[in-house]
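None of the values given here were measured: they were computed from a predicted structure. For reference, positions follow the sequence shown, starting with 1.
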Amino acid sequence: MRYFSLVKLTTVISFIAMTFQAQAQNISMSLNTGWQFHEKDEGAWHPAKVPGEVHTDLLANKLIPDPFYRNNEKKVQWIEKVDWEYKTTFKPSSLLLNQKKVDLVFDGLDTYADVYLNGMLVLQANNMFRQWQVDVKNRLVSGENSLRIYFHSAQNKVDSIAKSDLPYVIPDNPRAYIRKAQFHFGWDWGPKLTGCGIWKQVKLVGYNVAPEEKKYVPPVNVQLVQKPDEKGTSFYFTIDGKPVYMKGANYIPSDAFVTRMTKEDYRKVLMMAKDANMNMLRVWGGGIYEDDAFYDLCDELGIYIWQDFMFAGTMVPGDDDFFTNVKKEIQYQVKRLRNHKCIVLWCGNNEDDEAFHRWGWQDQFRLSAKDSAKLWNDYVRLFHDSIPTWLKEVDNGRPYITTSPKYGWGDKRSFTEGDSHYWGTWWGGDDFEVFETKTGRFISEYGMEAMPGYASVLKFTQPQDRYLFSDILQDHQKAGNGYRKLEGYLKKYMIDSAKINKLSVEDYVYVTQCVQYYGFKNMILIQRSHEPYNMGTLLWQLNDCWPVASWSITDYYNRTPKAAWYAVKEAYRDDVRPARDSVRPINLKLSDPHIKWRVEEDNIILSADTFAKYVFVDIEGYTGKLSDNYFDLMPGKQKKISFDKSALSGSVKVKVKSYYDIKKQ
């Protein structure tokens, strides 16, 4: 009798447990299909992709030209000035409708969006970086439901907000008012393509019992050590108690249209970092909090992430609505990302502090003392007070810094404490060797520009565009006085100024990539020679978001390496420390090396009669990377480089040039 009672009791308990488990389970329905879009007040609707963006939808429907080709960026600026509508229909299952609650969930809406379900306004979004959800249980019907989203022009919105705030001005752009990827408004390496769209997943989630949040356990033991010493204050990371020298780069969004990135695209980009012996990437604050696939791959590849929050180069509004919006953004994103062991630092912003103190905004915008004080107080309240408090609630296990850099490159303290962005090179025109005396504790930005590869130039130009410095080449050079700055470095290191304007575009591409190679190689080696005073070097930048002259060491198309990638790969090695260049290339005495080569299977064998500098091997149509390139070739010695045949369609057509070909002109 007792036995049967026990069995019966066990059965009842099991039944109750199964029932509770069933009640606690979510019922999810994707709403990513069947979408259409159109311009406000236009009659025709067109197919749309979700996740997606208005520019990519317009492209897919052949309604606009490729914004990356020639000067088409200028031809699509009208898109940012109009409103757009998206719509779909769906039929929820009876199982979903029978749940006690049903949430409509948007993982990402870009940015000012009014959401209508069956004609009723159910949600108004105003932050690209938040997940938006609303209980729509009482709005759903058992048959066909309609879902419509009205996107207001982000550009018009911020212009209107900024105008209404006058005479008070938030430097340096109306984009300061919006929680949207800041690079969408243009940057000195990126196009201005300020769009909108359903840029992440959409779904319905039904449940009877709200799922409990799992207890959070920090996945990485990391400390940022900032201790006073005899020379200033240290700045270095320890992982599991051991100091780690960080070698890496800054990472920007890999496509101006971020929804085009697939997991394989991310893998290709991140393998360019891994194969270049990098162990850290800084996710820069003017882009996006990257897709889960990005952080999954960084976990897998052992690449540490310095994660900026998405603020860059502006001050911030101080109203309560803005702060509440940012709090929800920060806590959502940190909860989403905190279980990734790759993330070792949260950083408040990119260059906001430096900009306020050193970029002359007070004079440029004629800020009164009162307005200037308010701007700074709002900044301190957000980055020094609020964000650290919000972080403690969701991730108290990782270090946080308020801004990057701590001091600008014109402040001598930037060499003795904190991280530094040393832009005396490039922006200041300093020689690369300046790091002998101006290497800081952790260099989180520095760089040298170069042209994209010639194969990229061929893709975005027509034959009539391929001369120095055509309007189209100017359109793909976003840096202020970029070509003039490049000329300054070419004259110092590579070629007499009288010869520069006589170069073909192809030779100009080659020689700018050579000076970028020389610059990054020697800047990195100088910085690393200061270890352990210096404990990190993150070059600007790993990647591009479109084809452009930039500081990137890889091209946008196919993520092919520029010359500097090979230099960085060698300079970041731990097994062998390459020697610095003792002579600038422009001072080398070179003779015709008479380079010979032959192809054997997936190898190219090269030799030369005399010393050859910066030997460049180009395989027509090749979209991979060679085992080495832009190398020095010693007389009488063979050099074997390998290539991946799967990255080549057709026969192997090889072209070789060296620095002598430029010098002799």
Side-chain angles (χ1 to χ4, degrees), residues 248-249 251 254-255 260-279 281 293-294 296-298 300-303 450-459 506 509-510 513-514 516-517 520-521 542-545 547 552-573 575-576 578 595-607 612 614-633 637-658:
Y251 179 92
S254 286
D255 200 303
R260 293 204 289 206
M261 292 293 292
T262 66
K263 185 167 185 176
E264 285 310 305
D265 292 330
Y266 278 120
R267 182 176 290 278
K268 191 164 189 176
V269 175
L270 291 171
M271 284 305 299
M272 294 303 290
K274 184 69 175 178
D275 290 346
N277 297 308
M278 296 182 184
N279 64 1
L281 294 175
F294 174 89
D296 288 340
L297 286 166
C298 289
E300 174 190 326
L301 296 171
I303 297 174
M451 291 287 286
Y454 192 60
S456 293
V457 174
L458 293 177
K459 282 191 175 185
E506 186 173 6
V509 166
Y510 167 81
Q513 292 212 8
C514 287
Q516 190 187 39
Y517 181 112
F520 274 125
K521 173 188 174 182
L542 174 66
N543 56 320
D544 272 330
C545 69
S552 174
I553 61 172
T554 61
D555 264 359
Y556 168 76
Y557 292 119
N558 300 305
R559 311 303 167 184
T560 50
K562 290 161 75 167
W565 183 86
Y566 294 95
V568 171
K569 178 184 177 184
E570 289 300 303
Y572 276 165
R573 288 176 63 172
D575 55 341
V576 176
I595 299 172
K596 303 175 184 66
W597 70 90
R598 65 183 187 277
V599 179
E600 295 182 357
E601 296 296 327
D602 54 358
N603 297 301
I604 301 172
I605 317 297
L606 302 100
S607 62
Y614 296 139
V615 177
F616 170 50
V617 178
D618 185 35
I619 305 175
E620 184 179 321
Y622 185 59
T623 59
K625 59 179 181 288
L626 301 176
S627 60
D628 199 4
N629 214 345
Y630 296 86
F631 48 82
D632 293 347
L633 193 55
K637 291 188 176 182
Q638 288 191 341
K639 172 81 173 181
K640 181 169 73 173
I641 61 174
S642 59
F643 61 95
D644 178 8
K645 281 189 174 180
S646 68
L648 179 66
S649 58
S651 59
V652 182
K653 298 179 181 178
V654 177
K655 184 164 63 173
V656 177
K657 75 166 59 177
S658 74

In plain terms, say whether D275 and K625 are close enough for a salt bridge, that is, a side-chain N and a carboxylate O under 4.0 Å apart.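 Salt bridge between D275 and K625, a charged N being under 4.0 Å from a carboxylate O: yes.
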When you check the gap from the basic side-chain N to the acidic O, do E300 and R267 get nearer than 4.0 Å? yes
Restricting to side chain to side chain contact (heavy atoms under 4.5 Å, CB included), what partner residues turn up for A249, sequence neighbours left out? M278, L281, L539, L542
Using a 4.5 Å cut-off on heavy atoms from C-beta on, say whether the side chain of Y556 contacts that of D255.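 Yes. Closest side-chain heavy atoms under 4.5 Å.
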Side chain of [X], backbone of [Y]: donor and acceptor closer than 3.5 Å?
{"X": "K274", "Y": "L301", "value": "yes"}
{"X": "Y566", "Y": "L626", "value": "yes"}
{"X": "R559", "Y": "D544", "value": "yes"}
{"X": "Q513", "Y": "M451", "value": "yes"}

Closest approach of [X] and [Y], non-hydrogen atoms and distance?
{"X": "I595", "Y": "S658", "result": "CD1-CB, 4.0 Å"}
{"X": "Y572", "Y": "G248", "result": "OH-O, 2.8 Å"}
{"X": "K263", "Y": "A293", "result": "CG-CB, 4.1 Å"}
{"X": "K569", "Y": "N277", "result": "O-ND2, 2.7 Å"}

If we count only N and O atoms by modelled type, under 3.5 Å, do the side chains of N558 and T560 hold a donor and an acceptor together?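 The criterion, which ignores hydrogens and geometry beyond distance, is not satisfied for T560 and N558.
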[atom1] of [X] to [atom2] of [Y]: how many Å apart, nearest 0.5 Å?
{"X": "D555", "Y": "W565", "atom1": "CG", "atom2": "CH2", "answer": "13.0 Å"}
{"X": "T623", "Y": "L648", "atom1": "OG1", "atom2": "CG", "answer": "8.0 Å"}
{"X": "I641", "Y": "F631", "atom1": "CD1", "atom2": "CZ", "answer": "4.5 Å"}

In terms of ring plane angle, is the pair Y630 and F616 parallel, tilted or perpendicular, where the classes change at 30° and 60°? parallel
